[in-house]
Amino acid sequence: MARGRGKYRGRGRGGRQGASRGEGERHGAYTAIDQTNPKFEAYYVGQGIVPEEEWDAFLEAMRAALPTTFRITSGKPTSRQLLDAMQDIYLPFLSNVEFEGENVAPPRQLEWYPEGLGWHLDVRKNVLRKSPEFKRFQQFLVHETDVGSISRQEAVSMLPPLFLDVRPEHLVLDMCAAPGSKTAQLIEAIHSPLTSEPDAFNPLPLGVVVANDSDTKRAHMLVHQAQRLPSPNLCVTNVDASSYPNVQVAWKGPDSHAKIEQRELKYDRILADVPCSGDGTLRKNIAIWKDWTTGNGVGLHALQVRILIRGLQLLRPGGRLVYSTCSLNPVENEAVVAAALRHFKNDVELLDCSEMLPSLKRRKGMTKWKVAPGRGAHLFPTDETEKEATPRTEETPLEASSQDTTEKSDDTSANKPKLPRIPWVESYDVLKTLDTDLASRLQQTLWPQGDEEALHLERCVRVYPHMQNTGGFFVACLVKKDTNAKDSESLAAGMVRAMQAIDKLSSSETRDAGPEASANVKRTARDAEDQTQDAPSVKKMRTDLSDENVTESSPETVNIASSDVLSEAKPEQPASENKAPQNKRSHTEGLAISAGGSLYREDPFAYVKSDNPEIRSCVDWFGLHDFPIGNLLVRNAQQVPLRSIYLTSSSVRAIVAGGGPGQGIHPTMNPIRLRLLNCGVKVFGRQESVSKANKAEPAEGGTSESVSRRENLSSMLTCRWRVVSDSLHSMRPFLSERIIIKASLSDLAFFIKNYYPVLDSVPGEVGERLRTSTMGSYVLDIEPSESEGHKLTVPLSYPIWRSIASVNLMLDKQEKSALSFRLFDTDLSDPEGQRQFSSNPRNRNNKKSAAEQSVEGDATPNSENPATSITETN
Ligand SMILES: C[S@@+](CC[C@H](N)C(=O)[O-])C[C@H]1O[C@@H](n2cnc3c(N)ncnc32)[C@H](O)[C@@H]1O
């Protein structure tokens, strides 16, 4: 029976919100929902979206379950490993699998996705659940997805970022970004070209990705999603894209004597993946079958036009904007693009992208379409409202004049089911005569205006489900013509130069590296001009200073009453409704500030002075060199490091620090204008939890004895900060060799298997090195090596914490587990996990691998020394 509500949830009457919509989705056993909708059929037959002879194949594909598709994250050290694992392990392993007497097709590469990084798996859900081989593969996908090495994403949803052609120096705006699957691709693109080669990763590119969504809850989902792919170059904002604010940023010319100026931020690349009716996703969101009406697309057209026009205003000359929807409806697609092209006259044009992604099967954009603006009987040109017509006899727009709103009555396909008539209205002028009220609420741009061929709407890209077993999708690439050489340059390099100049002016001496900085520190893949770092962190993990779950008593709490702040606040740019995010820490409650008529409740974004003692201790301990110290950021009103230190790229800093003095606790204006929710990544976490607050008063549940024990331990630390695993990929080039510990694959196996091993139990040179080192944060550099028949082909780095008596690999359970599956074909971190089906064909009969056998004797996590563990405080 029909299941779920599956209502559209965008702005207006439709509203594609993103890849996963919950209620209406297809879930294996529950596919009995009625997958017919006569109006849908009549409408699209009337539009002639596919040639008549393809209609049955089209409908059949629309009703079939959607295959699973995923991408391997590019540029990560894991990319090569995963591609090798797919080709050398999983493909042979999943070939020739039989399930209930039938051969099951193994995964295959998406032929149009670059570098073989996109994959397609067309098996039924019950095969994934019940076949041991596919179940094991599913487990692999889940693990790798959790840690950001793989992204499960609908195939067609991968297209817009590919058409956008993003490069590392680009300032990119993703206008409607939540839940963020395309944002992830954009982030990958600025950090590396699409490749599985690990060396291609640039930790600090010049570019920026600004990801926005007007729905506050969804924008917070975006923040959460982005943490799978930590980037110092990402900002998340929460405003209405149709009135996205102008912001000023500092900019400096290449001449060393040039002054720092203010420039309006213009983007090199913009993605407008707008809210839409989403009927291209019917294969996945089957509830849309029931809810589909002609009004869904009509209701969204105006918002879509406004978003696209705003996007094009924010685009720099020479820049590219991709407009996309997962709707098949021309009023949400070609009509919107045509409206924007007319608005900009000759300044914007459609790009012919027929040469891009040559293996992608596609259709040209429509240059003729019909409009059904409403449902009322008065909109039918005759009184034949009950008369039915068959789809097969209706003329397509290419064959018929768009004025032809009467259905042919000479039905030549008597056996075909009759479909309802659609109340097409031939033009806006006709609508005015039929229903002035409705006309006053709709736009003329819904209808073709006769210039569609001159606008080259055929350059738009349409993808239909039956062409290559995907969802339906629409993409248009628009470029703003280059008129003035100055305007047509990317601003990124100038923004970075401005930040460097500001740093030089403010404190040249504090930019020196610490005394431990070694002359031969490795520094790879870094553009001289891009200097930033970050590391988000959401996961709790245990380290080894104390075993108590010490929670700081909100040292960042500031008691600024809303009214105090609000009295200072002046309304800024229009912004969407802001609700306090559900996961927001309670201490932000007093910080609401008025922005665009609604409340902005974020903690401030404050860059820390580079002579701050905590910052200096990090610089010294980690031997940071050539590092943009001025880009270290905190999120508290005191503007000093308390628990976490974040890093942003210089270009992000130019945005965050711009716009002039802010209001209330916010140091600068741009974050308020943009309703900035998040930027940068966490790079350092405070390793001990003794704050001023709990020095004065024991934290909840803690005794004064335990507090004093922690204080004693803390006082032994040279640096109380640890480098965070999520950001290590970016931080590694800046770290001194002094804190690097070289290790092999078998050392890594030891640390995955043993939680908080005592120092004396750590074997080999790594143990020796750790025993002779002082307490603090180190990095384990795992070099390519072999262990027990397993091979590591690329270098890996992980943070490690050396405590008084024990040591710990700073990865949480999930990450350890994913890493272990990937490297050792089993979960060394979990004795239960070792009973999982093995992916390795050698071990199909549940034989344990050599690695498993060698570790199973002591796979139980060590019980931790209660005096030497701590909970990460974020
Ligand atoms: C199709 S979804 C975006 C999917 C996303 N690009 C992805 O790949 O994950 C459309 C998004 O637009 C957002 N939205 C709706 N109206 C908006 C507006 N006026 N400004 C900005 N975002 C809007 C919705 O909240 C929704 O998250």
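We're numbering straight along the sequence, starting at 1. For ligands, and for the atoms within them, numbers begin at 1 and follow the listed sequence.
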Considering the heavy atoms of Asp215, write down every atom of ligand 1 situated less than 4.0 Å from one of them.
-> 25 (O)
Look at ligand 1 and say whether Ser181 reaches it with a heavy atom at a distance under 4.0 Å.
-> yes
Counting both backbone and side chain atoms, is some N or O of Asp240 under 3.5 Å from an N or O of ligand 1?
-> yes
Are any of the N/O atoms in Lys182 less than 3.5 Å from those in ligand 1?
-> yes
Judging by distance only, is a nitrogen or oxygen of Val274 under 3.5 angstrom from one on ligand 1?
-> no
Taking NZ, NE, NH1 and NH2 as the nitrogens, is one of them in Arg462 or Glu334 under 4.0 Å from a carboxylate oxygen of the other?
-> yes
N or O contact, Ala178 vs ligand 1, cut-off under 3.5 Å | yes
Under 4.0 Å between a Lys/Arg side-chain N and an Asp/Glu carboxylate O for Glu188 and Arg71?
-> yes
What about Gly180: any of its N or O atoms under 3.5 Å from an N or O on ligand 1?
-> yes
Could you tell me whether Lys182 and Asp174 make a salt bridge, using a distance below 4.0 angstrom between a side-chain N and a carboxylate O?
-> no
Is the closest heavy atom of Leu271 to ligand 1 under 4.0 Å?
-> no
Taking the six-membered ring for Trp, are the ring centroids of Trp292 and Tyr43 within less than 6.0 Å of each other?
-> yes
Provide the number and element of each atom of ligand 1 under 4.0 Å from a heavy atom of Pro179.
-> 9 (O)
Report yes if the distance between the aromatic ring centroids of Tyr600 and His666 is under 6.0 Å, otherwise no.
-> yes
Look only at interatomic distance and state if Asn212 has a nitrogen or oxygen under 3.5 Å from any nitrogen or oxygen of ligand 1.
-> no
Identity of the nearest option to atom 22 (N) of ligand 1, non-hydrogen atoms only, from Ala184, Pro275, Ser214, Ser327 | Ser214
The answer for which part of Ala177 has a heavy atom under 4.0 Å from ligand 1 is backbone
Cys176 N/O under 3.5 Å from ligand 1 N/O = yes
Is the backbone N or O of Met158 less than 3.5 Å from a side-chain atom of Gln185, with the two atoms forming a donor-acceptor pair by type?
-> yes
Tyr267 ring centre to Arg316 NZ or CZ under 6.0 Å, with the angle to the axis within 45°?
-> no
Less than 4.0 Å between a side-chain N and a carboxylate O, is that true for Glu602 and Arg635?
-> yes
Taking the six-membered ring of Trp289, is the NZ or CZ of Arg63 close enough (under 6.0 Å from the centre) and on axis enough (within 45°)?
-> yes
Does any N or O atom in Ser242 lie less than 3.5 angstrom from one in ligand 1, N or O only?
-> no
